[in-house]
Amino acid sequence: MQHPTLAFIGGGNMAAAIAGGLRRAGRPANAFVVVEPVQAQRERLLDEFDIEALPAPAKRLRDATLVVWAVKPQVFADAAQAAAPFVGHALQLSIMAGVTSERIAAATHSERVVRAMPNTPALIGQGIAGLYARAAVTELDRAEVEAVLAPTGRSLWLEREEQLDVVTALSGSGPAYFFYVCEALVAAGTELGLSEAQARELALATCGGAAQLALRSDESLATLRERVTSKGGTTHAALESLRADRVAEAIERAVHAAARRAQELGRA
């Protein structure tokens with residue numbers, strides 16, 4: 001099977017996660033065209049994946065049948081102005097937070113636009129991406145997007161584009177929330193007498209194991225929580241402290257704040 005040429009506008013961590021996963025799955029290095037102005041990132045792609053990246057858009061982009069937009073949202077307009085003359089015929093896949101499909105369609109002159117919001121566990125093939133497709137995107141286009149993202153983890157199609165702002169706030173930013181909580185667990189463990197290495201291993205193994213338990217269970221999160229909690233016991237004491245500090249409400253406010261910021265980026 002001849003793999004279609006993939007173009008990446010931006011060669012940072014998430015682009016490298018996608019391209020690297022596809023390389024490990026067997027796609028040849030010459031199936032990729034990457035535009036990355038930062039020399040260090042170009043060298044990384046060459047060293048790790050044998051992919052040669054261009055410092056600026058060039059005619060070679062015209063070979064691409066799918067273009068992945070992987071630049072920071074704030075520089076999309078400039079990046080699109082330089083690359084659009086070469087990529088308007090292709091299916092457009094955006095992994096940028098906040099930049100609407102309407103803006104992408106207008107900038108690229110292509111109505112075949114899919115927006116994706118992945119997260120950083122994609123770097124180890126354990127991510128999840130929310131996906132939204134404009135009306136012009138065909139079933140074959142959807143299948144190609146799924147195939148491109150498959151090495152990074154799972155995908156979830158959404159019916160409305162505005163739901164991507166929620167995905168951005170929940171799973172896109174979510175790894176940072178997880179690390180923040182784990183940092184607090186490690187700090188508490190060390191304050192109570194464990195070494196930092198011991199506390200880190202316990203915190204990460206516990207959180208990772210709990211996530212796997214929930215993923216493999218049909219029971220609600222509330223039921224799983226209740227199974228760990230004996231009235232008057234240690235877990236009950238901890239949860240009562242969390243409730244007194246309104247931690248659940250604080251987390252909800254944080255996710256709302258991230259969603260608002262995603263909306264602001266879309267209007268920028």
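Both backbone and side-chain heavy atoms feed into the values below; hydrogens, waters and symmetry mates do not.
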task: Supply the atom-to-atom distance Glu144 CD to Thr138 OG1, rounded to the nearest 0.5 angstrom.
output: 10.0 Å
query: Roughly how far, to the nearest 0.5 Å, is the CG atom of Asp63 from the CG atom of Leu61?
result: 8.5 Å
field: Heavy atoms of other groups near Glu201 CD, more than 12 under 6.0 Å
entry: no
message: Using side-chain contact (heavy atoms from CB on, under 4.5 Å), reason through Asn13 and Arg44 one step at a time and then give a plain yes or no.
response: CA-CA 10 Å; Asn13 287 337; Arg44 176 194 174 195; 2.8 Å; yes
message: Pairing donors with acceptors under 3.5 angstrom, does anything connect the side chains of Glu159 and Gln163?
response: no
field: Pair Arg227 + Glu219, salt bridge at N-O below 4.0 Å
entry: yes
- request: Step through the shown structure and confirm whether more than 12 heavy atoms of other residues, nucleotides or ligands are within 6.0 Å of CG on Leu221.
  value: no
task: Output the distance between atom CG (Leu54) and atom CZ (Phe8), rounded to the nearest 0.5 Å.
output: 13.5 Å
query: Does CD belonging to Glu102 count more than 12 external heavy atoms closer than 6.0 Å?
result: no
Residue Glu196 excluded, over 12 heavy atoms near CD under 6.0 Å: no
statement: Between the OG1 atom in Thr65 and the NE2 atom in His89, the distance rounded to the nearest 0.5 Å is 7.0 Å
query: Does a side-chain heavy-atom distance below 4.5 Å link Leu22 with Phe32?
result: yes
- prompt: Strictly by modelled atom types, are Ser101 and Glu161 linked by a side-chain donor-acceptor pair under 3.5 Å?
  reply: yes
message: With a 4.5 Å cut-off on side-chain heavy atoms, are Leu156 and Leu131 touching?
response: no
query: What are the two closest heavy atoms between Pro175 and Asn119, and how far apart are they?
result: CG-CB, 4.1 Å
Steps toward side-chain contact (heavy atoms from CB on, under 4.5 Å) verdict (Cys207, Leu185): CA-CA 10 Å; Cys207 292; Leu185 291 172; 4.0 Å; yes
query: Between Glu226 and Thr223, is any side-chain donor less than 3.5 angstrom from a side-chain acceptor?
result: no
field: Non-hydrogen side-chain atoms of Val113 and Leu91 separated by less than 4.5 Å
entry: no
message: Salt bridge check, Arg134 against Glu111: does any charged N sit closer than 4.0 Å to a carboxylate O?
response: yes
- line: OG1 of Thr152 to CD1 of Ile95, rounded to nearest 0.5 Å, is 9.0 Å
Whether over 12 other heavy atoms sit under 6.0 Å from Arg154 CZ: no
task: Please find out if less than 6.0 Å separates the ring center of Phe76 from that of Trp69.
output: yes
